[in-house]
2 protein chains.
Amino acid sequence: MNNLTSRSTAAGQGCRAAAADRLRHFGVSVTRPRVAIMEYLMEHHVHPTVEQVYSALSPEYPSLSRTTVYNTMKMLAEHGAVTLLTIDDRNLNIDENTTPHAHLYCTRCHRIHDLPLQGVSPLQASYAFTLDGHLIQQVHQYYKGVCRECQTDLNKEPLLTNKQ
Amino acid sequence: MNNLTSRSTAAGQGCRAAAADRLRHFGVSVTRPRVAIMEYLMEHHVHPTVEQVYSALSPEYPSLSRTTVYNTMKMLAEHGAVTLLTIDDRNLNIDENTTPHAHLYCTRCHRIHDLPLQGVSPLQASYAFTLDGHLIQQVHQYYKGVCRECQTDLNKEPLLTNKQ
DNA sequence: ACTTTATTTTGGAATAATTGTAAATTTCCT
DNA sequence: AGGAAATTTACAATTATTCCAAAATAAAGT
């Protein structure tokens with residue numbers, strides 16, 4: 001509604017204010033690497049690896065270290081700002097979309113796509129509950145297969161890169 | 001029904017014949033390490049890591065190598081004889097129960113418990129299907145939380161070992 | 001603004017799981 | 001038993017992640 005507000009938090013390249021707001025919202029203190037990382041996550045709606053975040057930010061922030069990206073991810077996960085996905089056995093993927101949803105892991109391109117949850121309501125999956133005496137804190141649901149894009153690509157040429 | 005048959009394939013320590021049968025059933029050739037590994041999986045209904053399988057078998061089979069355990073697991077997975085779980089970000093867990101089911105990963109003891117699937121019928125999860133244009137080959141469902149045993153233990157003493 | 005204190009970041013080394021490789025062994029067939 | 005093909009082995013190499021102690025930055029108080 002308000003032009004000033006919307007301008008300062010609009011999406012697009014270089015939206016520090018929104019990233020800082022989001023950090024504060026999750027109760028973590030605002031620092032330069034954290035803003036850079038959060039900004040990246042908010043602008044790129046993929047499910048990046050630590051390496052991808054690091055190498056994307058590295059050019060404009062050469063002193064950033066991989067350790068910081070790891071530490072920040074772990075901390076953001078503890079504060080509920082991101083979810084860490086252990087679907088790909090080669091490395092961690094970061095999901096900044098914390099509303100409950102399922103994933104498709106493509107064994108060809110190794111990308112992760114979002115899908116709706118099946119059988120569990122997103123609302124139920126948002127809160128801890130008890131099942132069979134166990135305390136359930138997170139619900140993870142994913143499929144392994146070949147994504148739509150790769151199925152059509154299959155007829156064209158083999159995928160060369162092992163990394164996405 | 002038959003005493004001879006049931007004796008040769010009964011569960012218990014040292015059931016080579018049943019392990020060999022199972023290997024043949026999945027169309028893989030029968031070798032010493034494979035029988036030893038399959039036998040271990042059939043007798044221990046946990047979700048062992050490669051390291052656990054290796055160090056359990058090592059004493060009575062000193063020449064067994066970790067590489068063989070890794071190779072065997074990957075091969076068994078390709079033949080549908082086991083499922084490889086990437087729930088614990090520290091290492092792979094092997095599930096020899098290939099009937100579709102969900103898991104609980106306990107963040108305290110790092111053990112994995114079996115639970116029934118939610119929202120997806122085991123039958124549907126047994127076969128490949130198409131969803132939103134994607135080819136789905138496996139359905140994975142798991143919860144992260146604190147298992148029943150650890151909840152009661154919480155009041156007692158903190159868990160010392162990081163490894164299970 | 002300025003100093004002090006606490007927190008965070010850094011980079012390089014360490015760790016640990018997994019993979020690659022080439023030689024040795026075993027399996028399977030005749 | 002003999003020999004080709006497949007499998008296993010031991011060890012080296014790789015790679016993701018963690019550890020650590022020093023340096024830099026942020027926060028709090030004056």
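Chain letters run A, B, ... following the sequence lines, proteins first and then strands; every chain starts at 1.
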Which is true for A:T67 with a 4.0 Å heavy-atom rule: it touches a base, it touches only sugar-phosphate, or it touches nothing? base

B:D89 or B:L64, whichever maps to the more 5' nucleotide of DNA chain D: B:L64

Under 3.5 Å, is there a donor-acceptor pair linking the side chains of A:E96 and A:H45? yes

Within the 4.0 Å heavy-atom criterion, would you say B:Y61 contacts the bases, only the backbone, or no part of the nucleic acid? sugar-phosphate

Between D:dA16 (C1') and A:Q52 (CD): distance, integer Å: 14 Å

Indicate whether OP1 or OP2 belonging to D:dT7 is found under 4.0 Å from a side-chain N or O atom of B:S29. yes

Return the value, rounded to whole Å, for the distance between atom CZ of B:R66 and atom P of D:dC11. 12 Å

Is the phosphate of C:dT8, meaning OP1 or OP2, less than 4.0 Å from a side-chain N or O of A:R34? yes

Tell me whether the side-chain N/O atoms of B:S63 come closer than 4.0 Å to OP1 or OP2 in D:dT9. yes

Tell me whether the side-chain N/O atoms of A:Y70 come closer than 4.0 Å to OP1 or OP2 in D:dT17. yes

Assess, by modelled atom type and distance only, whether the side chains of B:S29 and B:R34 contain a donor and an acceptor separated by less than 3.5 Å. yes

Take the protein atom OH of A:Y54 and the nucleotide atom P of C:dT10, then report the distance between them rounded to whole Å. 10 Å

From C:dT27, C:dT18, D:dT9, nucleotide with atom closest to B:L92 side chain: C:dT18

Hey, does B:V50 reach any base, or is it just sugar-phosphate, or nothing, if we go heavy atoms under 4.0 Å? nothing

Under-4.0 Å side-chain N/O to phosphate OP1/OP2 contact, A:T68 with C:dT10: yes

Rounding to an integer number of Å, can you tell me how far B:N91 CG sits from D:dT18 P? 12 Å

